[in-house]
Amino acid sequence: MVPDSPSLDGLEAKWGRHWETDGVYRFDRTATRERVFAIDTPPPTVSGSLHVGHVFHYTHADTVARYRRMRGYAVFYPMGWDDNGLATERRVQNYFGVRCDPSLRRHPDFTPPATSGRDPVPVSRPDFVGLCQRLTAEDEKAFEATWRRLGLSVDWALQYSTISPEARRISQRGFLHLLAQGHAYLAEAPTQWDVDLQTAVSQAEMEDREVRGAYHRLRFPRMGAEGTLEIDTTRPELLPACVALVAHPDDERYKALFGSKVHTPLFAVPVPVVAHHLAEPDKGTGIAMVCTFGDSADVTWWRELQLATRTIVGRDGRLRPAPFGEPGWESDDPEGARAAYGELQGRTSAQARRRIVELLAESGALVGQPRAVTHAVKFYERGERPLEIVSSRQWYVRTMPLRPRLLERGRQLRWHPEFMVHRYESWVEGLAGDWNISRQRFFGVPFPLWYPVGDDGEVDYEHPLRPAEDRLPVDPSDDVPGGYAEAQRGRPGGFVGEPDVMDTWATSSLTPQIAGRWGDDPELFERVFPMDLRPQSHEIIRTWLFSTVVRAELEHGTLPWNDAVFSGWVLDPDRKKMSKSKGNVVTPMALLESHGTDAARYWAASGRPGVDTAFDEGQMKVGRRLAMKVLNVSRFALGRLSGAPVPAPDAVTAPLDLAMLGGLTRVVEQSTAAYEAYDYARALERTEAFFWSFCDDYVELVKARSYEDRTLPGPASARAALAVALSVLLRLLAPVLPFVTEEVWSWWHEGTIHLAAWPTAEEMPEGVVAGQAAVLEVATEVLGAVRRAKTEAKCSMRAPVKRLTVSDSPERLALLASAREDLKEAGIVIELVTRPGERAVEVVLGDQADG
RNA sequence: GGGCGCAUGGCUCAGUUGGUUAGAGCGCUGCCUUCACACGGCAGAGGUCACAGGUUCGAGUCCUGUUGCGCCCA
């Protein structure tokens, strides 16, 4: 049973196969809700690259899953793939040489272009989505292979992908419910827009970037009065879109001017001077130009002060035609305005800025020279040019009125570590508007809607046509609303399909519902929802965690889970977040192969929840050493147990053995408490510390006795204690080191360790008291002194000790007396003398013959 | 600007109700081939716990402030 030279090599493949064949991690869907532990696994973006951070994060959740399973829970541990979104679109475009054109119809027998030529081939959305699915299926295989190698104890029968028909159906069902209950609405409104990717972007997807710009001071002539007003702007090209000047209501410099009008330079458009508390008196000249739209402050002013709308930036980021002199574009010099605008129209924002600065300088409206500044500008997190604000028709989810409720839910959720709740709260409190869930993209879940087209050809957006729920999922660019025929698409009296897809978070926010097959499998869903645990990394609190809480609240009126545990980042040795662009990424598979999975998991599991951790191959070497030690000490202990029946636990009677188990019992208690608090790292640390001392001290102390005549009580006690300790230690280590513990378990047990019961104090032999380990501690101290003496004398540890003299308190000497023979054997001590007194150990080396 | 976190030997980190002499691993140095383990074992050196105050019989731990680093939000 016990191999002669145990090895870690090949354990991953061997046990991975066994676990799959035996269905060790299969979810028991007959379990009642109290017995279920459900995990809302993060679905990785399959088009992104696998990196070391994945190993780190997913190991954390897996240790918790394994602990819960050993506690007797039916663990619902699914794996999902997030394949929606831009990353996939880009890969598909490049890989197949295509681009999506939603106006095209599905090709009856579509095949992708044989070669990816220079000019992308336009394809319909259904065909494009087909290609996305084909490519992501490949990506999913790579992820699954890595996860299996990592030993994740997921139930692979519970796989889902966010673009699968099932996920699309649930996502669309969720949207139809939002619509029916009034939580979703359609609005034409200023929208953050990426001009390159041609899509709207939500607040959660935006980030600030510091960019170089310049303040330009512009002079506005007053109307009906002498003098000018001067404003500073970083975006002079928006001057044609200026609709007002705004200053703080208490600003003495401008108080008298509120209600008056000025002319915009170059365009001579009359605009009012208005007051608003968001104007910052100490910024620039204290008075600002309001344009439609330069930034989110402009949107606020425009909305709250009910200003005019003069939009000049098109969706392509270029200045579009502006009919100065016509209604809405009144000018007191229409010809001059048109001439000036003619210089700008068709240019990008950056080009137009350069040109208008020249025009302003020539006209004398530019005061002084532009002053360089560095300022924060909003970008789409995946984008390359600053976001523009354009007016467009988008679907929104009403989150603003929900904020107090969301804050309350945040307080109900248990956060690990607790301080992560602040990220959530500052996000909810800082929400600037409702959640825009429309994306003008192609690969995603389509809105399940069509709109009627009137006999006059006008689309009626007020009365969307919805499919019956049993038709879901639908693609409105391919499917036809009830009561209509395909021939009526786009015709007067017919219909049009909603062309947009949903934000990826609109689907990812439903991972508990998708994994639990909400609406499709009620018996399953009621067993797993609300779930127990959401493991994730902290940078997506504002997106994934937030949106999941929103959806669970709106659909079910509950939190989606009870606990959320956060992983930190993996930092490179320079304390920077590891990233592909920095070229410091190690691929997970290479890592797992070079160090072994258990070793890599050991490193991951020593990273505490929420704490960033340095990528440290040294720690993996330590993990490998630990795994080797597990093999070897098990080989020793099981060697002592072979050849005769293993004594029952109650054979443990020797004080030293009871003390060792007393220390172990404390470790069991601490480790259990740590796992209950999702602190896998603390559990590991406690277990590991005990394990090394068990190997180095206890095993050395009982080694000789364990060899003696098995019929005597002393040797039987040692062997029984070794059996109990090994069994408990293996089970304590199993969540972190699933492969080596399973290998050793198989040497002497039927069945898998991963379904064995988690160790408890109750299973300890009679006479064991948690934490009562003084006998072992005293014996270990004296043994240490003996070893020190031998090391200082540069002797082998096998060198005999002629006489060992121990002075100590009577109490400690009494403890030592009960381990006297073990100590003499372990230290090769010929004569052991004890006497009361100050604590001291004297070691005289040399055998009797020398003396 | 608001908030959160971190600061302990060369490195990575423990230190959970304040309590003997601040721990571990890596690295470094030395010793030992020992019959579970050289993919090893044993031992040693190395820290005024970022700084300044305060509370206390007692502070790495609690409070206030300062500095530095990181992150979140605006």
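Here is the naming used below: chain letters follow the sequence lines, and residue numbers restart at 1 for every chain.
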Side chain of A/K794: nearest nucleotide among B/C37, B/C31, B/C4? B/C31

Give me the distance, rounded to whole Å, that separates B/C51 from B/U67 when you measure between the C1' atoms they each carry. 7 Å

What orientation do A/W603 and A/F615 show, parallel under 30°, tilted 30 to 60°, or perpendicular over 60°? perpendicular

What is the distance, rounded to the nearest whole Å, between atom CE of A/M620 and atom P of B/C11? 20 Å

Closest approach to the side chain of A/W427, judged atom by atom: which nucleotide of B/A36, B/A74, B/U12 is it? B/A74

Nearest-Å distance, CD (A/E685) to P (B/U12)? 18 Å

Check every atom of B/C32, B/A43, B/G41 against the side chain of A/R625 and return the nucleotide holding the closest atom. B/G41

State the pairing partner of B/G47; accept Watson-Crick or G-U wobble contacts with both distances under 3.5 Å, and report none otherwise. none

A/K790 NZ - B/G30 C1' separation (whole Å): 18 Å

Near-strand residues of residues 401-419 of chain A, defined as heavy-atom separation under 4.0 angstrom from RNA chain B: A/F419

Could you measure between the two P atoms, the one in B/C57 and the one in B/A45, and give it in whole Å? 36 Å

Within the pair A/Q619 and B/C11, is there a side-chain N or O less than 4.0 Å away from OP1 or OP2? no

So does A/E743 pair up with A/K14, basic N to acidic O under 4.0 Å? yes

With a 3.5 Å cut-off and no angle check, do the side chains of A/E688 and A/Y602 form a donor-acceptor pair? yes

Suppose we define a pair by two distances each less than 3.5 Å, Watson-Crick or G-U wobble; what does B/G1 pair with here? B/C73

So A/Y602, base contact, sugar-phosphate only, or nothing? Heavy-atom distance under 4.0 Å. nothing

Just to be sure I understand the rule, does A/K621 reach a base, reach only the sugar-phosphate, or reach nothing, if contact means heavy atoms closer than 4.0 Å? nothing

Short N-O contact, A/R405 and A/E408, less than 4.0 angstrom: yes

Under-3.5 Å donor-acceptor pair between A/E700 side chain and B/A36 base: yes

Taking the six-membered ring of A/W745, is the NZ or CZ of A/R731 close enough (under 6.0 Å from the centre) and on axis enough (within 45°)? no

Sugar-phosphate only, base, or nothing, as touched by A/T791 at under 4.0 Å among non-hydrogen atoms: base

What interatomic distance, in whole Å, is found between P of B/G9 and the corresponding atom of B/C4? 26 Å

Scan A/K629 against the nucleic acid and name what it touches under 4.0 Å (heavy atoms): base, sugar-phosphate only, or nothing. base

Just checking A/W569 against A/H538, ring centres under 6.0 Å apart? yes

A/R608 near the nucleic acid: base, sugar-phosphate alone, or nothing, with a heavy-atom cut-off under 4.0 Å? sugar-phosphate

Separation of B/C42 P from A/L845 CG (nearest whole Å): 18 Å

In whole Å, I'd like the distance from the NE2 atom of A/H422 to the P atom of B/C4. 6 Å

Earlier contact from the 5' end, RNA chain B, for A/F636 and A/V611: A/V611

What integer number of Å spans the P atoms of B/U34 and B/G15? 40 Å

Should the pair A/R608-A/E685 be classified as a salt bridge under the 4.0 Å nitrogen-to-oxygen rule? yes

Compare the minimum distances between each of B/A43, B/G3, B/C26 and the side chain of A/V622, then state the nucleotide with the smallest one. B/C26

Separation of B/A36 C1' from A/N632 CG (nearest whole Å): 5 Å

Would one find a side-chain N or O of A/R542 under 4.0 angstrom from OP1 or OP2 of B/C73? yes

Shortest side-chain distance from A/S426, nucleotide among B/C73, B/G41, B/C42: B/C73

Verdict with reasoning, A/S537 to A/H57, per side-chain hydrogen bond (donor to acceptor under 3.5 Å, both in side chains): CA-CA 7 Å; A/S537 60; A/H57 298 160; 4.5 Å; no

Begin with the C-alpha distance, continue with both residues' side-chain angles, and end with the deciding distance and a verdict on side-chain hydrogen bond (donor to acceptor under 3.5 Å, both in side chains) for A/H276 and A/E304. CA-CA 9 Å; A/H276 193 278; A/E304 296 189 4; 2.9 Å; yes

Both distances below 3.5 Å, Watson-Crick or wobble geometry, any strand: find the nucleotide opposite B/C11. B/G25

For B/U20 versus B/C32, give the span between their P atoms, rounded off to a whole number of Å. 38 Å

Take atom P in B/U61 and the same atom in B/U8, then report the distance between them in whole Å. 13 Å

For the side chain of A/M797, counting heavy atoms from C-beta on, which of B/C37, B/U12, B/U34 is nearest? B/U34

Would you measure the distance from the P atom in B/G65 across to the matching atom in B/G3 and give it in whole Å? 11 Å

At 4.0 Å (heavy atoms only), tell me whether A/V633 reaches a base, stays on the sugar-phosphate, or touches nothing. base

Residue-phosphate contact under 4.0 Å: A/K703 side-chain N/O, B/A36 OP1/OP2: yes

Pick the closest RNA chain B nucleotide for A/G430 and for A/S634 by heavy atoms, then say which residue is nearer the 5' end. A/S634

Using both distances under 3.5 Å as the test, list the Watson-Crick or G-U wobble partner of B/A38, or none. none

Remember a base hit wins even if backbone is also touched, and classify A/R624 as base, sugar-phosphate or nothing at under 4.0 Å, heavy atoms. base

When the P atoms of B/G25 and B/U21 are considered, how many whole Å apart are they? 22 Å

Does the side chain of A/R839 get closer than 4.0 angstrom to OP1 or OP2 of B/U21 through an N or O atom? no

Before accepting this row, confirm whether a basic side-chain N of the pair A/D697/A/R787 lies closer than 4.0 Å to the acidic partner's carboxylate O. yes

Rounded to whole Å, CD1 of A/I541 lies from P of B/C73 at a distance of 9 Å

Can you tell me if the side-chain N/O atoms of A/R423 get under 4.0 Å from OP1 or OP2 in B/G5? no

In whole angstrom, what separates A/W603's CH2 from B/C26's P? 19 Å

Taking a pair as Watson-Crick or G-U wobble with both distances under 3.5 Å, which nucleotide is matched to B/G19? B/C57

From B/G30, B/C42, B/C71, pick the nucleotide closest to the side chain of A/W569? B/C71

Are A/F566 and A/W415 near enough that their ring centres are under 6.0 Å apart? yes

